[in-house]
K.L.:
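First, the structure itself, so that you have it in front of you.
Basis for what follows: all heavy atoms, side chains included, without hydrogens, waters or symmetry-related copies. Lettering of chains follows the sequences in order, A, B, ..., and the numbering in each one begins at 1.
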Number of protein chains: 2
Amino acid sequence: MVKPSAPSRERIVAGAADMISRRGLNATSIRELAKHAKAPLGSTYHYFPEGKGQLAAEAVRYAGGAVARILRKELEAGPVAGLRAFLALWRGIVVESDFRAGCPVLAVSVEEPAAGEVPPALAAAAEAFEDWERLLAEALREHGADPERAPGLAALIVASVEGAIAMCRAKRSMRPLDQVAQQLEALIAGALDRAA
Amino acid sequence: MVKPSAPSRERIVAGAADMISRRGLNATSIRELAKHAKAPLGSTYHYFPEGKGQLAAEAVRYAGGAVARILRKELEAGPVAGLRAFLALWRGIVVESDFRAGCPVLAVSVEEPAAGEVPPALAAAAEAFEDWERLLAEALREHGADPERAPGLAALIVASVEGAIAMCRAKRSMRPLDQVAQQLEALIAGALDRAA
DNA sequence: GCCCGAATATAACGACTGTCATAGCCCATC
DNA sequence: GATGGGCTATGACAGTCGTTATATTCGGGC
């Protein structure tokens with residue numbers, strides 16, 4: 001089979017994404033990871049023979065893809081609706097974990113790559129960010145935003161939401177995300193009005 | 001003396017801040033830290049008897065204070081000047097480290113606190129964010145921004161810059177920070193125009 | 001000169017890390 | 001019912017972790 005035994009494998013990847021979003025990449029051990037996913041340690045090396053780097057990269061791709069899927073769907077109802085879904089998604093993760101979990105893509109981005117190399121997980125993080133930005137920029141353009149400004153606006157949205165998530169965790173308060181949400185909504189509404 | 005032997009101690013704290021900004025908190029070992037600061041391992045426990053947590057907290061306070069000092073000074077010339085200095089500061093750190101270093105305050109914010117406890121380093125990170133926001137909000141108000149909107153604007157600035165730094169590291173490109181800089185400048189200019 | 005406390009050096013502690021090798025299980029196919 | 005391969009279980013490896021204890025060196029006050 002091409003996909004030998006999905007359930008266990010996917011559980012490991014999803015568990016890795018969750019764990020990385022809490023502790024960071026370097027601080028997540030494969031042993032704890034296996035235990036958290038109720039999978040044996042040996043299995044992680046069976047499914048991911050290239051080791052931790054491969055597993056981390058897949059976890060980032062998994063999380064990034066899941067977010068992109070939600071974003072794409074909700075953006076069909078317009079940029080503001082998409083933004084709200086994006087914010088609600090992260091809000092849920094932070095609140096439900098009692099400020100212990102955040103964004104795994106951000107967590108991977110904040111770790112020094114080995115000299116001269118670009119670890120696969122970091123490349124996956126860059127791709128995830130770019131996917132999100134592209135989706136947002138397209139939606140903005142399609143709804144009348146200045147096409148030249150849309151990419152910058154999309155980058156601002158992703159950056160500020162990611163930063164706000166981290167700030168919420170530090171302060172143990174949802175206030176930063178709420179503040180950012182309010183500013184971004186006003187900003188987007190203004191950018192779309194231009195063409196109304 | 002109240003301050004027994006500043007040079008060695010301060011070198012350790014500054015080195016810790018730098019190292020945390022690269023690798024993250026959990027992945028920074030005290031041994032490497034001591035080596036990096038050219039201080040003996042025993043000395044770190046001499047100066048910081050409470051161990052790693054205390055050292056990390058002091059490192060975050062050190063970095064947060066240094067940024068706040070620069071911010072306060074440059075904001076005297078107005079919010080836009082302060083924003084530019086804030087951006088230039090981080091830009092320099094990311095570029096000079098070849099995308100390997102980022103913001104130590106953000107790095108500390110992205111790590112799961114022990115169950116039920118709030119580690120001192122995380123509290124220090126929350127304080128640093130609040131200091132920066134307060135400085136920016138005050139400058140915005142003093143230069144004619146809507147007093148009710150100033151805190152939200154300040155939060156957006158800090159969050160988006162922090163997020164952009166991480167995105168730059170992932171993409172190995174300064175583009176996100178440049179995009180965010182452009183959007184924020186336009187946004188602030190608009191917010192101040194209201195009162196001109 | 002001596003001496004005391006601050007600062008450094010060295011070694012060790014148990015626990016944990018990523019990774020690998022090996023042996024055993026379980027279930028589908030012939 | 002035997003055979004095989006995907007999966008699991010177990011244990012080991014060399015190395016590092018945070019932390020502590022002990023021994024040594026150093027610099028300035030009597």
Side-chain angles (χ1 to χ4, degrees), chain A residues 1-17 19-20 22-60 107-108 111-115 117 119-122, chain B residues 1-17 19-20 22-60 107-108 111-115 117 119-122:
Chain A
M1 277 191 279
V2 183
K3 223 175 185 179
S5 140
S8 193
R9 205 192 125 102
E10 186 172 338
R11 216 177 44 239
I12 294 177
V13 173
M19 218 153 194
I20 290 172
R22 296 171 183 266
R23 324 232 242 233
L25 175 53
N26 283 323
T28 296
S29 84
I30 295 194
R31 276 176 198 16
E32 283 179 310
L33 183 46
K35 188 168 300 183
H36 179 267
K38 287 205 245 291
L41 174 60
S43 291
T44 63
Y45 281 92
H46 179 76
Y47 292 121
F48 311 95
E50 292 170 37
K52 194 177 183 177
Q54 179 189 5
L55 176 48
E58 286 208 33
V60 170
V108 164
E111 310 228 343
E112 189 174 41
E117 302 201 31
L122 197 59
Chain B
M1 279 192 277
V2 183
K3 224 175 188 180
S5 141
S8 193
R9 207 190 124 100
E10 186 171 338
R11 215 177 45 239
I12 295 177
V13 173
M19 217 153 194
I20 290 171
R22 296 171 182 268
R23 316 210 219 215
L25 175 52
N26 282 324
T28 296
S29 84
I30 294 196
R31 266 174 254 264
E32 284 178 309
L33 184 44
K35 189 168 299 182
H36 180 268
K38 287 204 246 290
L41 173 61
S43 292
T44 62
Y45 282 93
H46 179 75
Y47 291 121
F48 311 95
E50 292 169 39
K52 194 178 184 177
Q54 179 189 5
L55 177 48
E58 286 208 33
V60 171
V108 163
E111 310 228 342
E112 188 174 45
E117 301 201 32
L122 196 59

K.L.:
Closest approach of A:A121 and A:V108, non-hydrogen atoms and distance?
P.N.:
O-CG1, 3.6 Å

K.L.:
Which nucleotide sits closest to the side chain of A:H46: C:dG18, C:dA9, D:dT8?
P.N.:
D:dT8

K.L.:
Rounding to a whole Å, what distance do you find between B:F48:CZ and D:dG18:P?
P.N.:
14 Å

K.L.:
Over all heavy atoms of both residues, which pair between B:A16 and B:A59 is shortest? Give the atoms and the distance, please.
P.N.:
CB-CB, 3.8 Å

K.L.:
Could you tell me whether the side chain of A:Y47 reaches within less than 4.5 Å of the side chain of A:V13, counting heavy atoms only?
P.N.:
no

K.L.:
Take atom CD of B:E50 and atom C1' of D:dT20, then tell me their distance rounded to the nearest Å.
P.N.:
16 Å

K.L.:
For B:R23 and D:dC17, give me the distance from atom CZ to atom C1', rounded to whole Å.
P.N.:
13 Å

K.L.:
Holding to salt bridge (charged side-chain N to carboxylate O under 4.0 Å, His left out), I want the full list of residues that pass it with A:E58, two or more places apart in sequence or in another chain.
P.N.:
A:R9

K.L.:
To 10°, what angle do the rotation axes through the five end pairs on each side of the helix from C:dG1-D:dC30 to C:dA23-D:dT8 form?
P.N.:
10°

K.L.:
Between CG of A:N26 and OG1 of B:T28, what distance do you get to the nearest 0.5 Å?
P.N.:
8.5 Å

K.L.:
Side chain of B:Y47: nearest nucleotide among C:dG18, C:dA7, D:dT8?
P.N.:
C:dA7

K.L.:
What residues from residues 26-39 of chain A pass a heavy-atom cutoff of under 4.0 Å to DNA chain C?
P.N.:
A:T28, A:S29, A:I30, A:R31, A:E32

K.L.:
According to a strict under-4.0 Å criterion, is B:S43 in side-chain N/O contact with OP1 or OP2 of C:dA7?
P.N.:
no

K.L.:
Rounded to whole Å, how long is the line connecting atom CG of A:L25 with atom P of C:dT17?
P.N.:
14 Å

K.L.:
Which residues pass the side chain to side chain contact (heavy atoms under 4.5 Å, CB included) test with A:P113, not counting sequence neighbours?
P.N.:
A:P119, A:L122, B:R100, B:R172

K.L.:
Dump the pairs, protein N or O against N or O of nucleotides 3-5 of chain D, anything under 3.5 Å, distances to one decimal.
P.N.:
none

K.L.:
Pairs in or reaching into residues 35-52 of chain B: which pass salt bridge (charged side-chain N to carboxylate O under 4.0 Å, His left out), with residues at least two apart or in two chains?
P.N.:
none

K.L.:
List, with names and distances, any nitrogen or oxygen atoms from the protein found under 3.5 Å away from nitrogen or oxygen atoms belonging to nucleotides 20-23 of chain C.
P.N.:
none

K.L.:
Residues in side chain to side chain contact (heavy atoms under 4.5 Å, CB included) with A:A34, at least two apart?
P.N.:
A:T44

K.L.:
Return the minimal non-hydrogen interatomic distance between B:A107 and B:E111, and the atom names on each side.
P.N.:
O-CG, 3.5 Å

K.L.:
Strictly distance-based, threshold 3.5 Å: is any side-chain N or O of B:R11 a donor or acceptor partner for the main-chain N or O of B:A37?
P.N.:
yes

K.L.:
Contact between A:L33 and A:L55 at the side-chain level, heavy atoms closer than 4.5 Å - yes or no?
P.N.:
yes

